[in-house]
2 protein chains.
Amino acid sequence: MEETDWAIHRIAALAGTTSRTLRHYDSVGLLTPSRVAGNGYRHYDQAALVRLQRILLLRELGLGLPAIAAVLEHQESAVAALEAHVGWLRSEQERLARQIASVEETIASVLKGKNIMAENMFDGFDHTQYRDEVEERWGKDAYARGDSWWRGLGATARADWKERQAALNRDWIAAAAGGASASSPGAQELARRHVEWLASIPGTPASAPGGDVRGYVTGLGAMYVADPRFGANYGGEAGATFVRDALALYAEQNL
Amino acid sequence: MEETDWAIHRIAALAGTTSRTLRHYDSVGLLTPSRVAGNGYRHYDQAALVRLQRILLLRELGLGLPAIAAVLEHQESAVAALEAHVGWLRSEQERLARQIASVEETIASVLKGKNIMAENMFDGFDHTQYRDEVEERWGKDAYARGDSWWRGLGATARADWKERQAALNRDWIAAAAGGASASSPGAQELARRHVEWLASIPGTPASAPGGDVRGYVTGLGAMYVADPRFGANYGGEAGATFVRDALALYAEQNL
DNA sequence: GCTTGACCTTGACGTTGCGTCAACCTTTAG
DNA sequence: CTAAAGGTTGACGCAACGTCAAGGTCAAGC
């Protein structure tokens, strides 16, 4: 009989890991000691060492402990597991690539003085979380249209568009807070700018050649009041009501 | 006064996140409610909404909450923080690229029937954790030499080399277990194969033109006994002793 | 026989960013 | 009055250990 039996610190050093890790692997059942002495000390033999080697190899490849356990139990499907893992690694890499692009875009915008992070960035098209409701309200492909339009813009164009929106929102809120009436010249001028702004979004009636601009603008105003997520842009329900009324009047008289 | 003040669920929906997240941001001090009512309910105003927008924007870029807090507090250094973040993202991407390459190499080896995961993978050169000691024993650049040699090999060559090593280890252990003496013909033949195997590693005296093969092989045998990490390849100390003696005799008589 | 030091053990907390109950109020609508 | 929403504060869970903490074991030196 050889004395092929090491204390925990030994194989740890032998395999290039720590005793804590071995205890962890024991506790999760990934690698149990080949022998536990009466005093509770863990001992490992060559077979355990080989298994440990494999575990560490797979860990270096980025697999999680459950995945490693699975690979070691069902060695036949090891290749399939590894290939699935490569797929996951690739998707992670792509995600990182997108993040890098976004961050650099942001840096460039900030350097150009475009305060991307400065204003209210709310609107009905650029955020994905309302997909279902946007589709429900405006038709199945309204969301897709709005989204593709939005994604088609460069970072600068997006920033420009958002800034025009933010300016509009500010002015609407100021006008409402100032106690102006929806029919006042100031409110009507804002309505004109608002419609102009809407017309810059392709795919809506406001920008289509023979679109029902009037109905669209009136309906949109109603939505600002009905939906607090849009109404938020205008200072809440009261502000949204003001905007709706001004838009309705403007649409009736000018569109 | 406007009623620009929303309940927690409102801004959550408004910003596309959850109330739990907002409570979390409150608890970590990243975003405190603009007002807390007598009943404990959190309320947020437009300023809070704007801040939340920025937080979520930065979060999408992959920044951690402490980093986000730092960026928002010191807006001047925002660009620097973002650039540092890009650097980290790039390093992560490189790490993933290396992992992908390794996993694919492993898959290819397994498919070729090379059981990379099947045998004892111990030797003095392929693992990095003994760098200090290898350098101490064999000189400052021994490690670097061994490592660069090893890394210069392709996956297939590595697997081949490891298999030859594993076969040698097996045979040594079998011979020692069989009770053979170090001077027996079997042991001496193993010693010959061992030296041959060593000679396949460039940068050692065994492969150098005028190297001190004799001293090298004898010293290596001593190390197998002295260091359990190497001795493990030969069935522990007894096995390593057998190998050392056989190598010493072989070196004396043939080198 | 005792001390020292090295090594072992079993907890248990910390890490990152919330998701997900759980137990318990409040407010609002019917 | 009651039920349905929605709010609150805990507290656990996740991944894989690092890092104390408190305390047993063992070989060696006095």
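Computed from heavy atoms alone, side chains included, the values below leave out hydrogens, waters and symmetry copies. Just so we're on the same page: letters track the sequence lines, and every chain starts at 1.
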Next item on the list: Not counting sequence neighbours, which residues clear side chain to side chain donor-acceptor pair (under 3.5 Å) with B/Thr18? List them please.
Entry: B/Thr21
Check: Can you list every pair that meets salt bridge (charged side-chain N to carboxylate O under 4.0 Å, His left out) and has a residue in residues 91-101 of chain A, with sequence neighbours left out?
Finding: A/Glu92-A/Arg95
Next item on the list: Using heavy atoms and a sub-4.0 Å distance, could you list which residues of residues 85-95 of chain B are near DNA chain D? By number, please.
Entry: none
Margin query: At less than 4.0 Å, is any side-chain N or O atom of A/Arg59 found next to OP1 or OP2 of D/dC17? Yes or no.
Written below: yes
Item checked: side-chain contact (heavy atoms from CB on, under 4.5 Å) between A/Gln93 and A/Leu89, intermediate numbers included -> CA-CA 6 Å; A/Gln93 214 182 15; A/Leu89 287 174; over 6 Å; no
Next item on the list: Taking side chain to side chain contact (heavy atoms under 4.5 Å, CB included) as the test, write out the residues that go with B/His9, two or more places apart.
Entry: B/Ser19
Notebook entry, point to check: Once you build an axis from the first five pairs and another from the last five of the helix from C/dG1-D/dC30 to C/dG30-D/dC1, how far apart in angle are they, to 10 degrees?
Noted result: 40°
Checklist line | Whole-Å gap separating P (D/dC17) and CG (A/Leu30) | finding: 9 Å
Note to self: Mind checking if B/His9 touches a base, just sugar-phosphate, or nothing, with heavy atoms under 4.0 Å?
What the structure shows: sugar-phosphate
Next item on the list: Shoot me the first and last contacting nucleotide of DNA chain C against chain A, ordered 5' to 3', at under 4.0 angstrom to non-hydrogen atoms.
Entry: C/dC7 to C/dA12
Margin query: My understanding is that only residues two or more places apart in sequence, or in another chain, count here; which of them pass side chain to side chain donor-acceptor pair (under 3.5 Å) with A/Thr32?
Written below: none
Margin query: Tell me every residue that passes side chain to side chain contact (heavy atoms under 4.5 Å, CB included) with B/Ala48, counting only those two or more places apart in sequence or in another chain.
Written below: B/Leu31, B/Tyr44, B/Asp45
Margin query: Would you compute the distance between atom CG of B/Leu63 and atom CG of B/Leu82 and round it to the nearest 0.5 angstrom?
Written below: 6.0 Å
Note to self: Could you tell me how far apart A/His43 (NE2) and D/dT25 (C1') are, to the nearest whole angstrom?
What the structure shows: 11 Å
Note to self: Please give me the minimum heavy-atom distance between B/Gly62 and B/His85, naming the atom from each residue.
What the structure shows: O-CE1, 3.2 Å
Margin query: Classify B/Pro33 by what it touches in the nucleic acid, base, sugar-phosphate, or nothing, heavy-atom distance under 4.0 Å.
Written below: nothing
Item checked: Listed once per pair and sorted, the salt bridge (charged side-chain N to carboxylate O under 4.0 Å, His left out) pairs that draw on residues 19-28 of chain B, sequence neighbours left out -> B/Asp26-B/Arg42
Notebook entry, point to check: Quick one: what's the B/S/- string for nucleotides 8-14 of chain D, heavy-atom cutoff under 4.0 Å, read 5' to 3'?
Noted result: BB-B---
Checklist line | Exercise: identify the closest heavy-atom pair between A/Val79 and B/Val110 | finding: CG2-CG1, 3.6 Å
Next item on the list: Measure the distance from CG on A/Leu63 to P on D/dC17 and round it to the nearest whole Å.
Entry: 13 Å
Margin query: Checking B/Arg90 now: which residues fulfil side chain to side chain donor-acceptor pair (under 3.5 Å) with it, not counting sequence neighbours?
Written below: A/Glu104
Next item on the list: Would you please name every residue forming a side chain to side chain contact (heavy atoms under 4.5 Å, CB included) with B/Ala69, sequence neighbours left out?
Entry: B/Leu30
Note to self: So which atom in A/Ala15 and which in A/Leu56 form the shortest heavy-atom distance, rounded to 0.1 Å?
What the structure shows: O-CD1, 3.4 Å
